[in-house]
Amino acid sequence: MSKPTNLEPSELGTKEYWDNLYTTELTNHAHNPSDTGTVWFDDSDAETKLIDFLSAPDLVPSLNLSQATTSFLDLGTGNGSLLFGLRDAGWAGRMLGVDYSRQSIEFARRLAQARISPDSSSSSSSLSDPDSARSDDDEERAGVVGRRENEQPITFLEHDILRTSPAALLTSAQSRGWDVVLDKGTFDAISLSSETDPATGRRVAESYRSKIAPLVREGGLFLVTSCNWTEAELRGWFAGPAKEGEEGEVDEETRRWRFEEVGRVKYPSFSFGGVKGQTISSLCFRKVRNIEK
Ligand SMILES: C[S@@+](CC[C@H](N)C(=O)[O-])C[C@H]1O[C@@H](n2cnc3c(N)ncnc32)[C@H](O)[C@@H]1O
């Protein structure tokens, strides 16, 4: 499966754009605590559909996810809404949301804090800024997490997926990877960056797969949702083994793995000029070992 052609860059591919957006959302939230910010792809009801997809074992019978223990890593978490939605749907395992925008993490932490004590939503007392992943105990001591009574903590960390080593997110029980890695709109944003990888001279979107693959445990899932890429194009980016010349850092370990498609989320489709399409696409891949020759 060949890689799709890169997209025309836009401001949505810049950190400045996201910093400004979340600064505005923080201000809005401070004025009106019930304003919890943008939920991307809300018009397609993506969040509910993703949660239903993960929660309905008949959709993907072999996934066998335990609601009690499944760990989730949300890449480019924004306001953390997808993780809060999963918690509310009964998923009780470890959850970490990462984003390269400091303001996004500050916002998500405020919303997390508001889940425990609604009056604290505009306080900044819990917004310490750790520069690396910590153990669950450390996180709780540092007050960087939020939970309702008896709820496992949800942690939010500033982390640049492309420029920081994935190892920073592989700590404690997740040293071998996360059970489910989520991306809702983040590969879309990265696909719109004009930046190039200094090692290869190629657009940074082309190194995304090699950055996220180590974050998924063997047998774990990568669930990606996009409005910029069709299902066929997402397959082109993610399905199969690491692609030759795909990025600068494909090491031996990376070559041992591939992503196998295990499911898709159904959205309403439309027909236009005889062509069928849908406004967004979500594909679910499982990380499996390549058969040794
Ligand atoms: C379209 S928004 C989606 C936010 C969230 N996932 C949601 O569905 O509401 C894209 C997110 O990706 C984040 N992002 C873009 N490039 C990133 C990078 N290199 N590392 C981490 N986060 C990134 C942005 O800051 C932004 O929060």
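Note that this is a predicted model, so its numbers are computed, not measured.
Contact of the Leu82 side chain with the Leu182 side chain is registered, since non-hydrogen atoms from C-beta on lie closer than 4.5 Å. Using a 4.5 Å cut-off on side-chain heavy atoms (C-beta onward), His159 and Leu169 make contact. In this structure, the side chains of Trp257 and Arg289 come closer than 4.5 Å at one or more pairs of heavy atoms. Arg217 is not listed as a side-chain neighbour of Lys287, based on a closest heavy-atom distance of 4.5 Å or more. Taking the side chain as every heavy atom from C-beta outward, His29 and Phe107 approach each other to under 4.5 Å. Looking only at side-chain heavy atoms (C-beta outward), Thr225 and Asp188 stay at 4.5 Å or farther from each other. At a threshold of 4.5 Å between non-hydrogen side-chain atoms, the residues Ser226 and Leu234 count as touching. Annotation: side chain of Trp40 is in contact with side chain of Thr38 (closest heavy-atom distance under 4.5 Å).
Under the 30°/60° scheme for interplanar angles, the aromatic rings of Phe238 and Phe285 are found to be tilted.
Residues Tyr267 and Asp45 bring no donor and acceptor atom of their side chains to less than 3.5 Å of each other. A donor-acceptor contact under 3.5 angstrom links the side chains of Asn290 and Arg258, judged on distance only. A side-chain donor from one of Ser191 and Trp229 sits under 3.5 Å from a side-chain acceptor of the other. Checked by atom type, the side-chain pair Ser71/Asp179 shows a donor-acceptor distance below 3.5 Å. A donor and an acceptor atom, one from each side chain of Ser34 and Asn32, are located under 3.5 Å apart. A side-chain donor from one of Glu206 and Asn6 sits under 3.5 Å from a side-chain acceptor of the other. Side-chain atoms of Arg94 and Gln152 form no donor-acceptor pair, as typed in the model, at a separation below 3.5 Å.
The nearest pair of heavy atoms linking Gly78 to Asp99 is N-OD2, 3.0 Å. Residues Pro9 and Ser193 approach most closely at CB-C, 4.3 Å, considering heavy atoms. In terms of heavy-atom proximity, Glu233 sits nearest to Pro4 at O-CG, 3.4 Å. Minimum interatomic distance between Ser81 and Val39 (heavy atoms only, all atoms of both residues): OG-CG2, 3.7 Å. Residues Leu223 and Cys284 share a closest heavy-atom pair of CD1-CB, 3.8 Å. Taking every heavy atom of both residues into account, Gln67 and Ala89 meet most closely at NE2-O, 3.4 Å.
A distance of 9.0 Å separates OG1 of Thr230 from CG of Leu283, quoted to the nearest 0.5 Å. Atom-to-atom distance recorded for Leu192:CG and Thr14:OG1 is 10.0 Å, nearest 0.5 angstrom. Summarising the geometry, atom CG belonging to Leu7 is positioned 11.5 Å from atom CG belonging to Leu12; distances are rounded to the nearest 0.5 Å. Atom OG of Ser165 and atom NZ of Lys211 lie 8.0 Å apart (nearest 0.5 Å). Annotation: the span from Arg109 atom CZ to Glu158 atom CD amounts to 8.0 Å, rounded to 0.5 Å. The distance from atom CG of Asn79 to atom CZ of Arg110, rounded to the nearest 0.5 Å, is 13.5 Å.
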Could you go through the side-chain contact (heavy atoms from CB on, under 4.5 Å) check for Cys227 and Phe41 one step at a time?
-> CA-CA 8 Å; Cys227 67; Phe41 313 145; 3.6 Å; yes

Mind running side-chain contact (heavy atoms from CB on, under 4.5 Å) on Asp42 and Glu47 for me, showing each step along the way?
-> CA-CA 7 Å; Asp42 208 18; Glu47 200 163 289; 5.8 Å; no

Ser282 and Phe53: CA distance, side-chain angles, deciding distance, side-chain contact (heavy atoms from CB on, under 4.5 Å) verdict | CA-CA 10 Å; Ser282 298; Phe53 172 83; over 6 Å; no

Give the intermediate values and the outcome of ring-ring contact (aromatic ring centres under 6.0 Å, His included) for residues Phe187 and Trp237.
-> CA-CA 10 Å; Phe187 182 56; Trp237 281 113; 5.3 Å; yes

Decide yes or no on side-chain contact (heavy atoms from CB on, under 4.5 Å) for Val265 and Asp52, but give the supporting numbers first.
-> CA-CA 9 Å; Val265 177; Asp52 288 351; over 6 Å; no

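The pair Arg163-Glu195 meets the salt-bridge criterion, since a charged nitrogen lies less than 4.0 angstrom from a carboxylate oxygen. Between Glu261 and Arg235 there is a salt bridge, with a side-chain nitrogen of the basic residue lying less than 4.0 Å from a carboxylate oxygen of the acidic one. For Arg115 and Asp88, the salt-bridge test passes: some basic side-chain N is under 4.0 Å from an acidic carboxylate O.
The cluster map of Ile, Leu, Val, Met, Phe, Trp and Tyr, joined by side-chain heavy atoms under 4.5 Å apart, puts Ile51 and Trp178 in the same cluster. Linking Ile, Leu, Val, Met, Phe, Trp and Tyr residues whenever their side-chain heavy atoms come within less than 4.5 Å places Leu50 and Val262 in a single cluster. No chain of hydrophobic side-chain contacts below 4.5 Å, direct or via other Ile, Leu, Val, Met, Phe, Trp or Tyr residues, connects Leu215 to Val288. In this structure, Tyr100 is a member of the same hydrophobic cluster as Leu162, with clusters built from ILVMFWY side-chain heavy atoms closer than 4.5 Å. Under the 4.5 Å side-chain contact rule for hydrophobic residues, Leu170 and Met95 share a cluster.
Among Thr77, Leu73, Thr164, the single residue meeting the side-chain contact (heavy atoms from CB on, under 4.5 Å) criterion with Val98 is Leu73. With Val224 as reference, Asp183 is the one residue of Asp183, Leu75, Val181 to meet the side-chain contact (heavy atoms from CB on, under 4.5 Å) rule.
Every residue meeting the side chain to side chain donor-acceptor pair (under 3.5 Å) condition with Thr69, not counting sequence neighbours, appears here in chain and number order: Ser66. The salt bridge (charged side-chain N to carboxylate O under 4.0 Å, His left out) check on Asp19 picks up Lys15, with sequence neighbours excluded.
Between the side chain of Thr200 and the backbone N or O of Arg202 there is at least one donor-acceptor pair closer than 3.5 Å.
Taking the six-membered ring for Trp and the full ring otherwise, Phe156 and Phe84 have centroids separated by under 6.0 Å. For Phe72 and Trp91, the ring centers are positioned less than 6.0 Å apart.
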